[in-house]
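Let me begin by presenting the structure, written as structure tokens, before commenting on it.
In this chain, numbering begins with 1 at the start of the sequence shown.
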Amino acid sequence: MPEENIKRASLAELTRMRKAGELYHSPDAPEGEDLGPEFWANAKIVHPPSKSVHLRLDQEVFDFFYAEADGKGHVTKMQNVLKAYAKAQSKA
């Protein structure tokens, strides 16, 4: 799919768009590939290796990362800083 056809939206935005009747589904859109029973016979559920953790942060720390990331990707930036710190500590 060409990049210009890809749009990003949050769940809240999609919900608002659906309620406003702004979402359109073409009845002429092609069907997805049928994977068949042989695919599903060998399918396995794979859980991601990372853990989800709730972390309490000081407001100034959160604000710093949020501002640095312009509001998007701030959690990823925090993760990268923590990962770099852990790696540096393991080498020391």
Side-chain angles (χ1 to χ4, degrees):
M1 178 180 293
E3 280 291 317
E4 66 267 8
N5 292 337
I6 298 175
K7 297 178 177 73
R8 295 187 184 274
S10 69
L11 180 57
E13 291 169 321
L14 290 172
T15 301
R16 183 201 56 76
M17 291 167 68
R18 183 178 52 80
K19 288 179 180 177
E22 297 172 4
L23 292 180
Y24 173 74
H25 170 72
S26 172
D28 299 326
E31 288 289 324
E33 179 184 349
D34 183 15
L35 298 175
E38 59 278 352
F39 172 84
W40 295 109
N42 296 320
K44 295 178 184 168
I45 295 175
V46 178
H47 297 283
S50 63
K51 291 185 177 185
S52 177
V53 177
H54 294 275
L55 182 64
R56 191 176 294 268
L57 301 170
D58 290 342
Q59 189 66 46
E60 63 200 43
V61 172
F62 178 84
D63 291 343
F64 171 81
F65 282 98
Y66 192 81
E68 282 290 311
D70 292 326
K72 293 182 179 177
H74 58 287
V75 175
T76 302
K77 280 191 174 260
M78 288 183 224
Q79 167 70 10
N80 291 340
V81 168
L82 289 170
K83 193 182 295 186
Y85 177 81
K87 186 175 182 179
Q89 291 300 310
S90 67
K91 289 180 180 177

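We find the CZ-NZ distance between R8 and K72 to be 9.0 Å, quoted to the nearest 0.5 Å. Note: Y66 OH to Q59 CD = 11.0 Å, rounded to the nearest 0.5 Å.
In the hydrophobic cluster analysis, where Ile, Leu, Val, Met, Phe, Trp and Tyr join through side-chain heavy atoms closer than 4.5 angstrom, V81 is grouped together with L57.
For F65, the CZ atom is densely surrounded, since the number of other residues' heavy atoms within 6.0 Å is greater than 12. For Y85, the OH atom is loosely surrounded, since the number of other residues' heavy atoms within 6.0 Å does not exceed 12.
Aromatic rings from H74 and F62 are positioned such that their centres are separated by under 6.0 Å.
Inter-residue side-chain proximity for L55 and M78 is flagged as unmet; no heavy-atom pair is nearer than 4.5 Å. Put simply, the side chain of K91 reaches to within 4.5 Å of the side chain of K87, judged on heavy atoms. The closest side-chain heavy-atom distance from F64 to E60 is not below 4.5 Å.
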* I would like to know whether R16 and E22 meet salt bridge (charged side-chain N to carboxylate O under 4.0 Å, His left out); could you show each step before the answer? => CA-CA 8 Å; R16 183 201 56 76; E22 297 172 4; 3.2 Å; yes
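Taking all atoms of both residues into account, the shortest heavy-atom contact from L23 to L14 is CD1-O, 3.9 Å.
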